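Each remark here refers to the structure printed beneath this line.
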Protein chains: 2
Amino acid sequence: MSGGVEWALHCCTLLSRSAEPVPAVKLAEFHDVSPSYLAKQLQLLSRAGLVRSAQGNSGGYALTRAATQITVLDVVEAIDGALPAFRCTEVRQRGPMATPAERCTAPCTIAQVMDSADRAWRDSLRAVTIADLVADADRVIPPETIERTRAWLRGGTVVPGT
Amino acid sequence: MSGGVEWALHCCTLLSRSAEPVPAVKLAEFHDVSPSYLAKQLQLLSRAGLVRSAQGNSGGYALTRAATQITVLDVVEAIDGALPAFRCTEVRQRGPMATPAERCTAPCTIAQVMDSADRAWRDSLRAVTIADLVADADRVIPPETIERTRAWLRGGTVVPGT
DNA sequence: GGCTCACGGACAAAAGTTATCCGAGTTGGG
DNA sequence: CCCAACTCGGATAACTTTTGTCCGTGAGCC
Ligand code: FES
Ligand code: FES
């Protein structure tokens with residue numbers, strides 16, 4: 001799985017805290033990651049329709065829907081692609097004892113099992129929304145830090161310890 | 001996911017049909033895949049303890065336990081590795097608003113969700129054994145073909161159409 | 001009209017995979 | 001007992017996908 005999924009999910013939780021758009025550079029600075037690469041991930045989120053990009057001087061990224069309407073699976077599929085990890089090559093139709101194509105109406109049992117597991121994985125991710133993540137984070141992070149984060153997102157660059 | 005997983009699983013179902021060891025070359029010929037590469041996959045299965053290799057003139061590979069005692073997950077983890085797809089980089093501990101390490105006693109919520117999904121995936125694969133796969137294949141493949149396969153595994157190279 | 005900002009694609013580096021080879025060890029037969 | 005054939009095993013190379021970076025283009029704001 002792509003490592004950028006972690007960044008994207010953290011960015012979504014952060015975006016849900018800000019009413020105004022947040023530039024990609026600021027998101028990168030907040031997480032201390034490569035701005036160029038994070039821009040690519042945000043682009044993927046934009047293509048998937050999860051975030052909306054606003055250009056111009058006070059532009060940036062913002063969620064298109066409420067955090068309760070965005071599942072973790074949405075983000076994962078936007079970054080990693082929606083195609084299943086296991087890909088059947090139809091080995092059974094090759095070799096000296098090949099199964100004739102006419103009998104291959106149903107997918108191979110092995111492919112079925114893999115597909116079922118993949119579905120279980122997706123169902124598990126679909127059950128959690130960004131709002132759930134934020135709610136759980138609020139339970140751990142002290143309220144003061146949350147307010148400081150909001151201020152940091154809103155204002156310019158904060159010089160720590162001043 | 002590695003494409004060799006499909007080969008390995010098909011090989012396991014095939015091995016469960018033969019009491020005697022089957023050489024890697026024969027397994028490769030049966031599935032019409034690269035013998036050299038399949039050898040590598042079988043090596044991984046051997047390291048994982050799923051199959052036992054016998055050298056010498058009448059050597060080859062054989063399952064170490066009954067097909068009912070080998071799950072699909074065992075094979076997948078042997079080939080693809082047992083580490084989860086999602087890897088948390090602890091982004092929360094970086095950047096200007098970094099969470100102090102002392103508060104990071106529990107894993108990040110996002111990591112928990114990912115881990116839960118991964119567990120669901122593995123549970124799904126663990127629930128199916130090689131024996132289940134064989135039983136399901138027997139329901140589809142005509143008995144005559146199964147017997148021909150057994151004979152092909154036992155005997156030398158079969159010249160088709162002669 | 002000048003400025004900043006985000007988008008998009010082009011481009012290089014790294015990792016992981018796919019594929020192949022030859023040597024070490026073992027078995028069976030002469 | 002020796003030989004020869006056959007097997008696995010690990011080391012090695014080519015390829016593909018992923019990861020990471022960069023700059024040019026176009027759009028909004030002042
Ligand atoms: S032929 Fe693809 S999984 Fe069996
Ligand atoms: S810090 Fe790794 S998933 Fe949140």
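The structure displayed is predicted, hence computed values, not measured ones. Numbered from 1 within each chain, the chains take letters A, B, ... in sequence-line order.
Across D/dG9, D/dC22, C/dT20, the shortest atom-to-atom separation from the side chain of A/S36 is found for D/dC22. Closest contact between the side chain of B/N57 and the listed nucleotides C/dT20, D/dC29, D/dC6 involves D/dC6. The side chain of B/Q43 has D/dG10 as its nearest neighbour among D/dG10, D/dC8, D/dG20. Comparing C/dA19, D/dC8, D/dG20 by their nearest atom to the side chain of B/Q55 picks out D/dC8.
Looking at B/R119 and B/D115, a side-chain N of the basic residue comes within less than 4.0 Å of a carboxylate O on the acidic one, giving a salt bridge. Checked for salt-bridge contact, A/R122 and A/E77 meet the test: a charged N lies under 4.0 Å from a carboxylate O.
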Margin query: Please evaluate residues B/Q93 and B/T99 with respect to the criterion side chain to side chain donor-acceptor pair (under 3.5 Å), reporting the C-alpha separation (whole Å), side-chain torsions for both, the decisive distance (0.1 Å), and the verdict.
Written below: CA-CA 5 Å; B/Q93 295 188 31; B/T99 307; over 6 Å; no
Next item on the list: Assess whether side chain to side chain contact (heavy atoms under 4.5 Å, CB included) is satisfied between A/T129 and A/I70, documenting all intermediate values.
Entry: CA-CA 5 Å; A/T129 68; A/I70 301 178; over 6 Å; no
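With DNA chain D read from its 5' end, the first of the two nearest nucleotides for A/Q41 and A/S58 is the one closest to A/Q41. Mapped onto DNA chain D by nearest heavy atom, A/Y37 and B/S46 fall at different nucleotides, with B/S46 at the one closer to the 5' end. Taking the nucleotide of DNA chain C with the nearest heavy atom to each of A/G59 and A/R47, the more 5' of the two is matched to A/G59.
One can place CZ of B/F86 at 18 Å from P of D/dT18, the figure rounded to the nearest angstrom. Atom-to-atom, CE of B/M1 to C1' of C/dT18 comes out at 17 Å; the value is rounded to the nearest Å. Atom CG in A/L42 sits about 15 Å away from atom C1' in D/dG20, given to the nearest Å. As rounded to whole Å, 8 Å separates atom P of D/dT18 from atom CG of A/D80. Put simply, CZ on A/R87 is 13 Å from P on D/dT17, counting in whole angstrom units. The distance between atom NZ of B/K26 and atom P of D/dC6, rounded to the nearest whole Å, is 13 Å. The distance from atom CZ of A/R52 to atom C1' of C/dA6 is 14 Å, rounded to the nearest whole Å. One atom, CD of A/E29, and another, C1' of C/dC5, lie 16 Å apart when rounded to the nearest Å.
At C/dG16, none of the side-chain N or O atoms of B/S2 fall inside 4.0 Å of OP1 or OP2 (strictly under the cut-off). Here B/Y61 reaches the OP1 or OP2 of D/dG9: one of its side-chain N or O atoms lies under 4.0 Å away.
The two residues A/V75 and A/A8 make their nearest non-hydrogen contact at CG1-CB, 3.8 Å.
Among the protein residues, A/G4 comes within range of no part of the nucleic acid, since none of its heavy atoms lies under 4.0 Å from any strand. Residue contacts for A/P23: at a heavy-atom cut-off of 4.0 Å it reaches the sugar-phosphate backbone alone, with no base atom in range. Note on B/A24: only backbone sugar-phosphate atoms sit closer than 4.0 angstrom, heavy atoms only; bases stay farther off. The residue A/A54 sits close only to the backbone: its heavy atoms come under 4.0 Å of sugar-phosphate atoms, none of a base.
Cluster membership for B/V5 and A/M1, using ILVMFWY side-chain heavy atoms within less than 4.5 angstrom, is shared.
Checked by distance alone, B/K40 brings no side-chain donor or acceptor within 3.5 Å of a matching partner on the base of D/dG9.
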